[in-house]
Amino acid sequence: MDKRACNSQDAEVRKGPWTLEEDLILINYIRNHGEGVWNSLARSAGLKRTGKSCRLRWLNYLRPDVRRGNITPEEQHLIMELHAKWGNRWSKIAKHLPGRTDNEIKNFWRTRIQKHIKRAETFSSTGQITEHNDQASTSQTASFADAAEFYSPTYPEIFESFAGGSFPIEPSDNIWSMEDIWSLQ
DNA sequence: AATATAGCCAACCGCCACTGT
DNA sequence: TACAGTGGCGGTTGGCTATAT
């Protein structure tokens, strides 16, 4: 599929950040024709993007039901629980967090949770901590309590943060909000 | 005030599974 | 059955922003 761009049209494929104009084109096109068949959608809409790029942009950013902003403590708990259960099955985890995308959850995990895990490991490296598989893919735990049991012996710092409701979350506002974009329609 | 460093996140890449012909 | 096209997923990266020095 995505094996190499080799014809003359592919030479014009745009990459990098999406512009507001491109966003509007994509939103309008999907509004009129629906989503799916992304390659032909990209061509028909006149976007110099791959179908994959259009799909990703729509699913992760432009969809009206995408929730932006802070991950709530409840969502953090759920992510921890589901990750303990399924490992890095981000899309599966995302299905249980309405409005959240797999990409967002993946980024959240990598930037926030893994950071804490690393710190915990560094902190305890002089102690008895053992190497841990953060994928947790083999774990069959099924509840938050189980997840806590699974993670907390190794990463107590993380669960302390949860318990105190002080898990560090910074605001992550967008340059323009989706309300702004949709209001332009 | 200028520069260096760290953190965050949008987007791309490569692989695999599914479907239609 | 084999092949090509497409969609979906997880991993990775590049650039922007915030913070520290």
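A note on names: the letters A, B, ... follow the listed sequences, proteins ahead of strands, and every chain is numbered from 1. Every heavy atom of this structure was used, including side-chain atoms; hydrogens, water molecules and symmetry mates were not.
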Checklist entry - Starting at CZ of A/R110 and ending at P of B/dA6, how long is that distance when rounded to a whole Å? => result 18 Å
Checklist entry - Please give, in whole Å, the distance from C/dG10 P to A/I93 CD1? => result 8 Å
Checklist entry - For the pair made of CG in A/L56 and P in C/dG11, what is the distance, rounded to whole Å? => result 15 Å
Next on the checklist: Run A/R14 and A/E22 through salt bridge (Lys or Arg N to Asp or Glu O under 4.0 Å) and show every step you take.
Outcome noted: CA-CA 11 Å; A/R14 260 183 61 81; A/E22 287 176 310; 2.8 Å; yes
Checklist entry - Rounded to the nearest Å, what distance is computed from the NZ atom of residue A/K52 to the P atom of nucleotide C/dG7? => result 10 Å
Checklist entry - Rounded to the Å, how far apart are A/L82 CG and C/dG10 P? => result 13 Å
Next on the checklist: How many whole angstroms separate atom NZ of A/K106 from atom P of B/dA11?
Outcome noted: 13 Å
Next on the checklist: I need the minimum non-hydrogen distance between A/T50 and A/V13, along with the two atoms involved.
Outcome noted: CG2-CG1, 3.7 Å
Checklist entry - Between B/dC9, C/dC9, C/dT6, which one does the side chain of A/N39 approach most closely? => result C/dT6
Next on the checklist: Looking only at the side chain of A/N88 (C-beta and beyond, no hydrogens), which of the listed nucleotides C/dG7, B/dA11, C/dG10 gets closest?
Outcome noted: C/dG10
Item to check | Closest listed nucleotide, where the reference is the side chain of A/P17 and the choices are B/dA11, B/dC12, C/dG7 | outcome: B/dA11
Checklist entry - Which whole-number value in Å describes the distance from A/N107 CG to C/dC9 P? => result 16 Å
Checklist entry - To the nearest 0.5 Å, how far apart are CH2 in A/W109 and CG in A/N88? => result 8.0 Å
Item to check | Within 45° cone and under 6.0 Å: A/R49 NZ/CZ vs A/W18 ring | outcome: yes
Checklist outcome for this item: Nearest heavy-atom contact between A/L59 and A/V66 is O-CG2, 3.5 Å
Checklist entry - Using a cut-off of 4.0 Å on non-hydrogen atoms, how would the nucleic acid contact of A/N103 be classed: base, sugar-phosphate, or nothing? => result base
Checklist entry - Which value, rounded to the nearest 0.5 Å, describes the distance between A/H96 atom NE2 and A/E81 atom CD? => result 9.5 Å
Item to check | Atom of A/I27, atom of A/W58 and distance for their closest heavy-atom approach | outcome: CG1-CZ3, 4.2 Å
Next on the checklist: Can you tell me if A/R55 touches the phosphate of C/dG8, counting only side-chain N or O atoms and a distance under 4.0 Å to OP1 or OP2?
Outcome noted: yes
Next on the checklist: Angle between the two end axes of the helix from B/dA2-C/dT21 to B/dT21-C/dA2, five base pairs per end, rounded to 10 degrees?
Outcome noted: 0°
Next on the checklist: In whole Å, I'd like the distance from the CH2 atom of A/W38 to the P atom of B/dC18.
Outcome noted: 21 Å
Checklist entry - Looking for any heavy atom pair under 4.0 Å, which part of the strands does A/G51 touch: base, sugar-phosphate only, or nothing? => result nothing
Next on the checklist: By the 4.0 Å heavy-atom rule, please label A/T50 as base, sugar-phosphate, or nothing.
Outcome noted: nothing
